[in-house]
Amino acid sequence: MLIDRPVIVALDFPDASTALTLVEKLDPSLCRVKVGKELFTRAGPQLVKELQKQQFDVFLDLKYHDIPNTVAGAVSAAADLGVWMVNVHASGGRAMLEAARKALPKNGDTLLIAVTVLTSMGAEDLREISITVTPDQQVSTLAKLSSDCELDGVVCSARETPVLRRELADDFLLVTPGIRPAGDSMDDQKRVMTPAQAINSGSNYLVIGRPVTQADDPTAKLRMIMDEIHGKN
Ligand code: C5P
């Protein structure tokens, strides 16, 4: 299912002014943007409002993980801010996911998605916290739990997308970082897919940071990525 504006540009900047300087070079009819923990902690709701004023859909990537009542309050606050997408950690468990979903009813204005296993964690890291199944099994378990609790989707690595696409409903959103257009630098990403490969293997949204934010012409780069997705180059 190819969605309108599948690219979410990760605004991984230390302050509002650097983020806004980049955003001036982007077109909200071509992409959405992601605000994460560092930028939000420094620049706060005011920056989110500024981005919205410039017509950008904002994914607030704060990965909430707390007791159900606290997470319900946090996602409500995100919805009040008018963000397009917000996320929680699926490992917070069923009660937390259900409380978040209740606070943010399905088909409202804000999409609620879950993080499964951080891709920075390998089998060894999971074993150390007494999770003895493989990372892939844990990802599947948490994605199914998220779907059971009627969340709108999960963040997953492109490597996990084909299996999750088979296991979950067609309209369950898969949001995928670790994307590199062919020939681009890998930076610190280890396993990457091209935009077209990720979409073809079932991703709905692609989180792309440096390939766009460090490009000489970010809009031209985005157009190139969209053309690649649509098979035009
Ligand atoms: O610059 P780059 O395209 O590597 O940025 C990817 C973005 O996706 C960053 O904001 C990063 O934190 C995020 N991300 C990731 N891998 C995950 C989850 C999130 O790269 N597993």
Side-chain angles (χ1 to χ4, degrees), residues 6-16 18-19 22-23 25-26 30-43 47-48 51 56-65 83-91 111 113-123 125-126 134-136 138-140 142-143 146 151 153-164 173-199 201-216 218 221-222 224-226 228-229:
V7 177
I8 304 170
V9 177
L11 300 180
D12 292 325
F13 296 107
D15 55 63
T18 331
L22 182 272
V23 158
K25 299 179 200 149
L26 295 177
L30 287 181
C31 65
R32 307 166 199 262
V33 293
K34 176 172 92 72
V35 174
K37 286 190 167 98
E38 182 185 8
L39 185 56
F40 190 78
T41 302
R42 291 196 190 276
L47 172 71
V48 172
L51 293 167
F56 284 95
D57 283 348
V58 177
F59 169 17
L60 190 61
D61 179 21
L62 297 184
K63 301 186 180 71
Y64 297 126
H65 187 175
V83 302
W84 160 73
M85 179 181 272
V86 66
N87 59 2
V88 299
H89 267 286
S91 51
L111 292 167
I113 60 164
V115 175
T116 54
V117 178
L118 295 171
T119 46
S120 53
M121 296 193 80
D125 302 294
L126 292 185
T134 65
D136 285 358
Q138 183 70 354
V139 167
S140 282
L142 291 173
S146 305
L151 267 68
V154 288
V155 183
C156 63
S157 87
R159 207 172 52 95
E160 293 150 359
T161 308
V163 172
L164 295 183
L173 299 173
L174 301 180
V175 179
T176 310
I179 303 297
R180 288 293 177 273
D184 270 40
S185 156
M186 301 262 285
D187 302 304
D188 52 356
Q189 297 282 9
K190 296 209 173 72
R191 289 182 301 266
V192 299
M193 275 198 188
T194 68
Q197 283 169 340
I199 294 285
S201 67
S203 294
N204 302 107
Y205 290 105
L206 310 179
V207 176
I208 308 183
R210 289 158 291 182
V212 172
T213 60
Q214 310 295 312
D216 291 337
K221 186 78 179 198
L222 268 173
M224 206 194 82
I225 291 170
M226 292 305 296
E228 189 203 315
I229 290 171

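We count ligands from 1, going down the list as the structure has it; atoms in each ligand are counted the same way.
Applying the side-chain hydrogen bond (donor to acceptor under 3.5 Å, both in side chains) criterion to D61, with sequence neighbours excluded, gives K34, K63, N87. Here K37 pairs with nothing under the side-chain hydrogen bond (donor to acceptor under 3.5 Å, both in side chains) rule; sequence neighbours left out.
Classified by interplanar angle (parallel below 30°, tilted 30° to 60°, perpendicular above 60°), the ring pair H65/H89 is tilted.
With hydrogens and angles ignored, the 3.5 Å screen pairs a side-chain donor or acceptor of R42 with a backbone N or O of P14.
In terms of heavy-atom proximity, T116 sits nearest to L142 at O-CD1, 3.6 Å.
Sorted by chain and number, the residues within 4.0 Å of ligand 1 by heavy atom are A10, D12, K34, T119, P177, R180, Q189, V207, I208, G209, R210, P211.
For residues 178-188, the set of pairs meeting the side-chain hydrogen bond (donor to acceptor under 3.5 Å, both in side chains) definition, not counting sequence neighbours, comprises R180-D187, D184-K221, S185-D187, D188-R210.
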